[in-house]
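These notes are about the structure you will find just below.
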Amino acid sequence: MADYKLKNVCDFDLAQTLECGQCFHFVKLDEEDYVLTAKGYVLHVSQEADTVTFYDTDKDEYVNVWKDYFDMDRDYSAIKKKLLEKDDKLKDAIESMWGVRILNQDFFETLISFIISQNKQIPHIKKIVADISAKFGTYKGTYGGADMYTFPTLEQLANASEEDFKELKTGFRAPYIMDAIRRNMAGQFDINELKSMDYDSCIKELMTIKGVGEKVANCVSLFGLGKKEAFPVDVWIKRIMETMYFDGVDTPKDKIAAFAKEQFGELGGFAQQYLFYYGKSIKMGVK
DNA sequence: CACCAGGCGATCT
DNA sequence: AGATCGCATGGT
């Protein structure tokens, strides 16, 4: 199959978009050159200036899968402009992380991945997601020495047990993962229904899953259900927001979330991701 | 050795 | 409501 080249791309940087912490299932082959899996597909993709190359990809696959995944139809210039008009404190974060787009990821993979993420560092999360995929998912090829497997479907996890996940080093999260799998298998979560639900109801619904609290529910809503007003408050965002908006004073997470809602409104998710990636890159607020 | 990691649930007051 | 702890595992 031929390669598909997307030209004149703006407000998009492949490395920033993948490395900003919103997704875990990819391997870096070289600078601006990655292989990733999502939605049951594998993709080798690279970028040079404003041209993005989707290897062995036809136009239909780009249009039907990757265009939405990379959120290419959204006007990020307008988003940045609105955010900066409202709050010029975001200037450094937006200028530094100008090429981040919020990926539209698969709900189930996002749910399991962020349940795993609690009290873990990103490299560990990536390893566990890759290991779960290697054990239960579908082999899609080897790229630069990395065997790539899709994240398992519910069907592929039909016989998975808590023991399996403990062997995969998920520790105390294993029962949480099982609860999420069982409840999805029981058909308790209709993705279209969750997507059409208002933000507050959606968070509340997700939090009925064991191991899903405010933070994980917000990540799943933002990255897996398209709710761009979600503003996940983790240890980094807490430090960053305290430094930028609370005079460095220790502030409860719910107060930070309430402030963010007031300040960024429906653009909360975009502000959060620029701030998270930028603040983390300069270790803002770390003693 | 201690302490922390894209937190959460249980158990206090 | 709000604060504190334990939790598996791996890294500094």
Side-chain angles (χ1 to χ4, degrees), chain A residues 16-26 93 97 100-103 105 107 109-132 135 161-183 203-225 227-228 230-244 246 249-258 260 264 268-287:
Chain A
Q16 288 182 5
T17 295
L18 294 178
E19 304 277 7
C20 71
Q22 61 178 324
C23 63
F24 306 106
H25 206 169
F26 63 89
M97 301 309 175
V100 170
R101 280 176 183 253
I102 306 278
L103 298 171
Q105 302 180 62
F107 165 72
E109 174 167 353
T110 309
L111 174 62
I112 302 299
S113 299
F114 279 95
I115 286 174
I116 292 164
S117 78
Q118 62 182 263
N119 233 53
K120 272 201 174 300
Q121 296 183 119
I122 291 175
H124 299 160
I125 305 165
K126 288 174 68 174
K127 179 176 182 349
I128 292 175
V129 169
D131 288 349
I132 289 175
K135 186 172 171 80
S161 68
E162 193 173 311
E163 267 314 302
D164 289 322
F165 291 106
K166 286 197 167 152
E167 281 172 18
L168 293 165
K169 306 297 182 188
T170 59
F172 63 85
R173 305 160 192 81
Y176 302 161
I177 295 168
M178 285 308 298
D179 185 49
I181 291 172
R182 285 201 198 94
R183 304 222 9 229
I203 295 290
K204 206 171 155 190
E205 186 65 25
L206 292 173
M207 284 176 63
T208 63
I209 302 168
K210 285 283 179 197
V212 177
E214 293 276 356
K215 193 269 172 183
V216 172
N218 271 277
C219 286
V220 175
S221 296
L222 178 56
F223 304 129
L225 292 169
K227 305 218 178 288
K228 310 301 186 194
F231 191 91
V233 182
D234 69 319
V235 290
W236 278 104
I237 279 292
K238 182 173 184 293
R239 278 196 291 259
I240 292 161
M241 295 293 283
E242 283 167 355
T243 303
M244 288 179 63
F246 293 89
V249 177
D250 185 51
T251 308
K253 288 182 176 179
D254 59 342
K255 282 201 172 160
I256 291 172
F264 309 125
F270 303 102
Q272 195 273 2
Q273 206 55 36
Y274 291 126
L275 286 170
F276 172 81
Y277 194 24
Y278 173 68
K280 197 166 176 283
S281 74
I282 63 165
K283 300 190 189 311
M284 187 187 289
V286 177
K287 289 170 196 116

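We use all heavy atoms of the structure for the numbers below, so side chains are in, but hydrogens, waters and symmetry mates are not. Sequence lines set the chain letters: A, B, ... in the order given, protein chains first and strands last, and positions in each chain run from 1.
- Separation of the C1' atoms belonging to C:dA3 and B:dG6 is 22 Å when rounded to the nearest angstrom.
- Take A:E205 and apply the side chain to side chain donor-acceptor pair (under 3.5 Å) test, not counting sequence neighbours, and it matches no residue.
- Between the side-chain ring of A:W236 and the base of B:dG6, no stacking contact exists by the 5.5 Å and 30° definition.
- B:dG7 atom P lies 13 Å from atom CD1 of A:I128, rounded to whole Å.
- Applying the ring-ring contact (aromatic ring centres under 6.0 Å, His included) test to A:F246 and every residue at least two apart in sequence or in another chain returns A:F259.
- The distance between atom NZ of A:K283 and atom P of B:dG6, rounded to the nearest whole Å, is 10 Å.
- Residues satisfying the side-chain contact (heavy atoms from CB on, under 4.5 Å) criterion with A:E214, sequence neighbours excluded, are A:I203, A:M207, A:N218.
- Distance noted for atom P between C:dC5 and B:dC4: 13 Å (whole Å).
- Within residues 17-26 of chain A, the residues having any heavy atom closer than 4.0 Å to DNA chain B are, in order of number, A:C20, A:G21, A:Q22.
- Two residues are said to be in side-chain contact when any heavy atoms from C-beta on lie closer than 4.5 Å; A:I181 and A:I112 meet this criterion.
- Remark: P of B:dG6 and CD1 of A:I116 are 14 Å apart, rounded to the nearest angstrom.
- Contacts of A:I282 classified as side-chain contact (heavy atoms from CB on, under 4.5 Å), with partners at least two apart in sequence or in another chain: A:Y278, A:M284.
- Residues meeting the side chain to side chain donor-acceptor pair (under 3.5 Å) test with A:T243, sequence neighbours left out: none.
- Annotation: of the two residues near DNA chain B, A:K210 and A:S117, the 5′-most nearest-nucleotide partner is A:S117.
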Its contact letters, B for base, S for sugar-phosphate only and - for none at protein heavy atoms under 4.0 Å, make nucleotides 2-12 of chain C read S----BBBSS-
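- As rounded to whole Å, 11 Å separates atom P of B:dA5 from atom NZ of A:K287.
- Across the protein-nucleic acid pair, A:F231 atom CZ and B:dG6 atom P stand 17 Å apart, rounded to whole Å.
- When heavy atoms are screened at a 4.0 angstrom cut-off, A:F114 is found touching no nucleic acid atom at all.
- In this view, A:K283 satisfies the salt bridge (charged side-chain N to carboxylate O under 4.0 Å, His left out) rule with no residue, not counting sequence neighbours.
- Side-chain N or O atoms of A:Q22 include none that pairs as donor or acceptor with a backbone N or O of A:F223 at under 3.5 Å.
- Contacts of A:V233 with the nucleic acid, taken as non-hydrogen atoms under 4.0 Å apart, are absent.
- Applying the side-chain contact (heavy atoms from CB on, under 4.5 Å) criterion to A:R182, with sequence neighbours excluded, gives A:M178.
- Regarding A:D234, its CG atom lies at a distance of 10 Å from the P atom of B:dA5, rounded to whole Å.
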Would you list the protein and nucleotides 11-13 of chain B atom pairs, both N or O, that sit under 3.5 Å from each other?
none

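- Geometrically, A:K126 engages A:F26 in a cation-pi contact, judged by NZ or CZ lying under 6.0 Å from the ring centre and within 45° of the ring axis.
- Rounded to whole Å, atom P of B:dA5 lies 14 Å from atom CD1 of A:I237.
- When the P atom is used for both C:dG10 and B:dG9, the distance is 23 Å, rounded to whole Å.
- Across the P atoms, B:dT11 and C:dA8 are found 15 Å apart, a figure rounded to whole Å.
- The side-chain contact (heavy atoms from CB on, under 4.5 Å) test applied to A:S117 returns A:F114, A:I125, A:K215, not counting sequence neighbours.
- With rounding to whole Å, A:Y278 atom OH is found 19 Å from B:dG6 atom C1'.
- Scored by the salt bridge (charged side-chain N to carboxylate O under 4.0 Å, His left out) test, A:D250 finds A:K238 as partners (sequence neighbours excluded).
- In this structure, A:P123 reaches neither bases nor backbone, as no heavy-atom distance under 4.0 Å exists between it and the strands shown.
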